[in-house]
Amino acid sequence: MSERRQLADADRRVRKEFLTMDFGLFYFSADSTTVDEGDRYGLLLAGARFADTHGFSAVWTPERHFHQFGGLYPNPAVTGAAIAAVTERVAIRAGSVVAPAHHPARMTEEWAVVDNLSHGRVGVSFASGWSAVDFSFTPENYSRRRELVFEHAQAVRRLWRGEDLDVVDGTGAHKRVRVFPPPVQAELPVWITSSGDVETFRRAGRIGAGLLTHLLWQDVEELDHKIQQYRAEFRAATGGGHGHVALMVHTFLGDSDDEVREQVRGPLCAYLRSSLNLFAGSGNKGAQQFDPATMRPTDVDFLVQNAFDRYYAENGLLGDVEKGRKLVDRLRGVGVDEVACLIDFGLPAVDVLNGLNHLDELRQLCRS
């Protein structure tokens, strides 16, 4: 057995036997047009307050444009500022900023403001993006997005530390600029978002960043292998560091597994159905390449039901607390550091908030 493999096996044993799991709340939103227009961000703020007072690690909000799926969240810095105003302890994170669609200086300015408002609680996961229409702001960057996500992430890190950046001003002159206000944190906590491409896992490790991923296009066994690759690169880049892996997981817990299954079936199936057009043809290596508009309704129904069954059985924190504990143990065993619990997939807000008590029970159980 190679030395690298021995280190990876030892790393998994340590995490499974001795370390705890962090729990964060993750928002993406189902059909944003169906949310109560008088209180569209009520669930976000109420959940953030709960997380803040119950020992959760973070609240993550995404960046989405021009689509009702996720459309509540066009700018995570703005939602992050709102969270900062109603919380005191919980970390405020972007999950994710589409880095190639923005100028590094602008991203740094926005998040430096939120870092000041929150007294040093922000963190940012940078994504390459996949939707071409999202690059309407910077169409010239779309073809190089997979390279630019790392270039921009590193530029933001340098600006955050107070270093200068070369820019061209409105007259065409080259200038050196610094970003204000100065942030509170000396270093910005950074993650790279990956939907499953193992090379992205490796490159996140090489730059000493955390990793944010999900189980949409990969299973837990595949994730195990990819996290080993990430850890190896992170150790090499940092001289022995461990890194941080956050995993987005659809989450709703209740008293009875059977009751929860029927409670979430309709909303989660509708959520999956509404996401089909968003992810279809995205170019993601793990995504099914199909056009729902050309499929028969019965075929779409079959696809959605199969996705629901897989999520419920294997890839979601869905059911009772004991079922959730078993999944958390599996995830901890493969090296996940934090479960980012996606809670806003279409259930009524009152049900989601009530379910947080069961999620907190699981959190405490996993830390005992």
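When reading the values below, keep in mind they use all heavy atoms of this one structure, side chains included, and skip hydrogens, waters and symmetry mates. Small disclaimer: the values here were computed from a predicted structure and weren't measured.
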*Kindly indicate, with the supporting measurements, whether the criterion side-chain contact (heavy atoms from CB on, under 4.5 Å) is fulfilled by Phe50 and Leu353.*
CA-CA 8 Å; Phe50 185 96; Leu353 294 173; 5.7 Å; no
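- Taking the charged nitrogens against the carboxylate oxygens, Arg206 and Glu199 do have a contact shorter than 4.0 Å, which makes a salt bridge.
- Checked by atom type and distance alone, the side chain of Gln185 pairs as donor or acceptor with a backbone atom of Val122 at under 3.5 Å.
- Both Val334 and Phe201 sit in one connected hydrophobic cluster of ILVMFWY residues. Membership requires side-chain heavy atoms under 4.5 Å apart, directly or through other members.
- The hydrophobic cluster containing Trp111 does not contain Leu148, counting ILVMFWY residues as joined when their side-chain heavy atoms lie under 4.5 angstrom apart, directly or transitively.
- With hydrophobic clusters built from ILVMFWY side chains whose heavy atoms lie under 4.5 angstrom apart, Val124 does not share a cluster with Leu159.
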_Set out, in order, the CA-CA distance, both residues' side-chain angles and the distance that settles side-chain contact (heavy atoms from CB on, under 4.5 Å) for Arg231 and Val245, then state yes or no._
CA-CA 9 Å; Arg231 300 285 189 208; Val245 177; 3.7 Å; yes
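- Screening residues 175-187 for salt bridge (charged side-chain N to carboxylate O under 4.0 Å, His left out) gives Arg161-Glu187, Asp166-Arg176, Asp169-Lys175 as the qualifying pairs, with residues at least two apart or on separate chains.
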*asked:* Applying salt bridge (charged side-chain N to carboxylate O under 4.0 Å, His left out) to Arg144 and Glu151, what does each step give before you reach the verdict?
replied: CA-CA 10 Å; Arg144 293 191 59 238; Glu151 293 178 18; 2.8 Å; yes
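- Proximity of a side-chain donor or acceptor of Ser256 to a complementary backbone N or O of Glu259 within less than 3.5 Å is detected.
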*For the pair Gln305 and Asp309, evaluate side chain to side chain donor-acceptor pair (under 3.5 Å) and give the outcome as yes or no after the intermediate values.*
CA-CA 6 Å; Gln305 287 299 325; Asp309 291 339; over 6 Å; no
*When you look at Arg367 and Asp22, which way does the salt bridge (charged side-chain N to carboxylate O under 4.0 Å, His left out) test go after all the steps?*
CA-CA 8 Å; Arg367 295 189 69 84; Asp22 286 332; 3.1 Å; yes
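- Formation of a donor-acceptor pair under 3.5 Å by the Asp337 side chain with backbone atoms of Ala246 is not found in this model.
- A side-chain donor from one of His102 and Glu63 sits under 3.5 Å from a side-chain acceptor of the other.
- Nearest heavy atom pair, residue Leu362 against residue Gly324, reads CD1-C, 3.9 Å.
- Between His250 and Tyr311, a ring centre-to-centre spacing shorter than 6.0 Å is recorded.
- Using cut-offs of 30° and 60° on the angle between ring planes, the pair Phe28 and Phe26 is parallel.
- In this structure the side chain of Val90 reaches within 4.5 angstrom of the side chain of Arg121, judged on heavy atoms.
- Outside the 6.0 Å centre-distance limit, the rings of Phe252 and His358 are not counted as a close aromatic pair.
- Annotation: side chain of Leu331 is in contact with side chain of Met21 (closest heavy-atom distance under 4.5 Å).
- Taking the centre of each ring, Tyr142 and Phe135 come in below the 6.0 Å mark.
- Linking ILVMFWY side-chain heavy atoms closer than 4.5 Å, directly or via other members, places Met107 and Val184 in two distinct hydrophobic clusters.
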*Run the numbers on Asp52 and Val59 for side-chain contact (heavy atoms from CB on, under 4.5 Å), then give the verdict.*
CA-CA 9 Å; Asp52 193 54; Val59 178; over 6 Å; no
*Just do the side chain to side chain donor-acceptor pair (under 3.5 Å) check on Ser194 and Thr213 with the steps written out, would you?*
CA-CA 5 Å; Ser194 173; Thr213 188; 5.0 Å; no
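- Gly47 approaches Leu356 most closely through the heavy-atom pair CA-CD1, 4.2 Å.
- By the 6.0 Å and 45° rule, Arg363 stacks over the aromatic ring of Phe56.
- Neither side chain, Arg64 nor Ser131, offers a donor N or O lying under 3.5 Å from an acceptor on the other.
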*Output, in order, the C-alpha distance, side-chain angles, deciding distance and verdict of side-chain contact (heavy atoms from CB on, under 4.5 Å) for Leu359 and Cys341.*
CA-CA 9 Å; Leu359 181 58; Cys341 301; 3.9 Å; yes
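- Counting heavy atoms from C-beta on, the side chains of Phe308 and Arg261 come closer than 4.5 Å.
- Within the 4.5 Å cutoff, the side chain of Leu253 has no heavy atoms near those of the Val260 side chain.
- Within the 4.5 Å cutoff, no side-chain heavy atoms of Val352 are placed close to those of Asn354.
- Clustering ILVMFWY residues whenever any of their side-chain heavy atoms sit less than 4.5 angstrom apart, transitively, puts Phe126 in a cluster other than the one holding Val198.
- Between Asn306 and Leu303, every side-chain heavy-atom pair lies at or beyond the 4.5 Å cut-off.
- No side-chain heavy atom of Lys323 sits less than 4.5 Å from a side-chain heavy atom of Lys326.
- The minimum heavy-atom distance linking Gln218 with Glu222 is given by the pair CA-OE1, 3.2 Å.
- Rounded to the nearest 0.5 Å, atoms CG (Leu25) and CG (Asp344) are 9.5 Å apart.
- Geometrically, Arg203 engages Phe150 in a cation-pi contact defined by less than 6.0 Å to the ring centre and at most 45° from the axis.
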_Determine whether Gln154 and Arg157 satisfy the following criterion, side chain to side chain donor-acceptor pair (under 3.5 Å), listing intermediate values before the conclusion._
CA-CA 5 Å; Gln154 294 292 65; Arg157 278 175 149 176; 2.9 Å; yes
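- Rounding to the nearest 0.5 angstrom, the gap separating the OH atom in Tyr27 from the CG atom in Leu342 is 10.0 Å.
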_Run the side chain to side chain donor-acceptor pair (under 3.5 Å) test on Glu338 and Trp60 for me, step by step, so that the C-alpha distance in whole Å, both residues' side-chain angles and the decisive distance to 0.1 Å come before the verdict._
CA-CA 12 Å; Glu338 175 182 336; Trp60 304 76; 2.9 Å; yes
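- Side-chain contact check for Ile207 versus Ile192: some heavy-atom pair is nearer than 4.5 Å.
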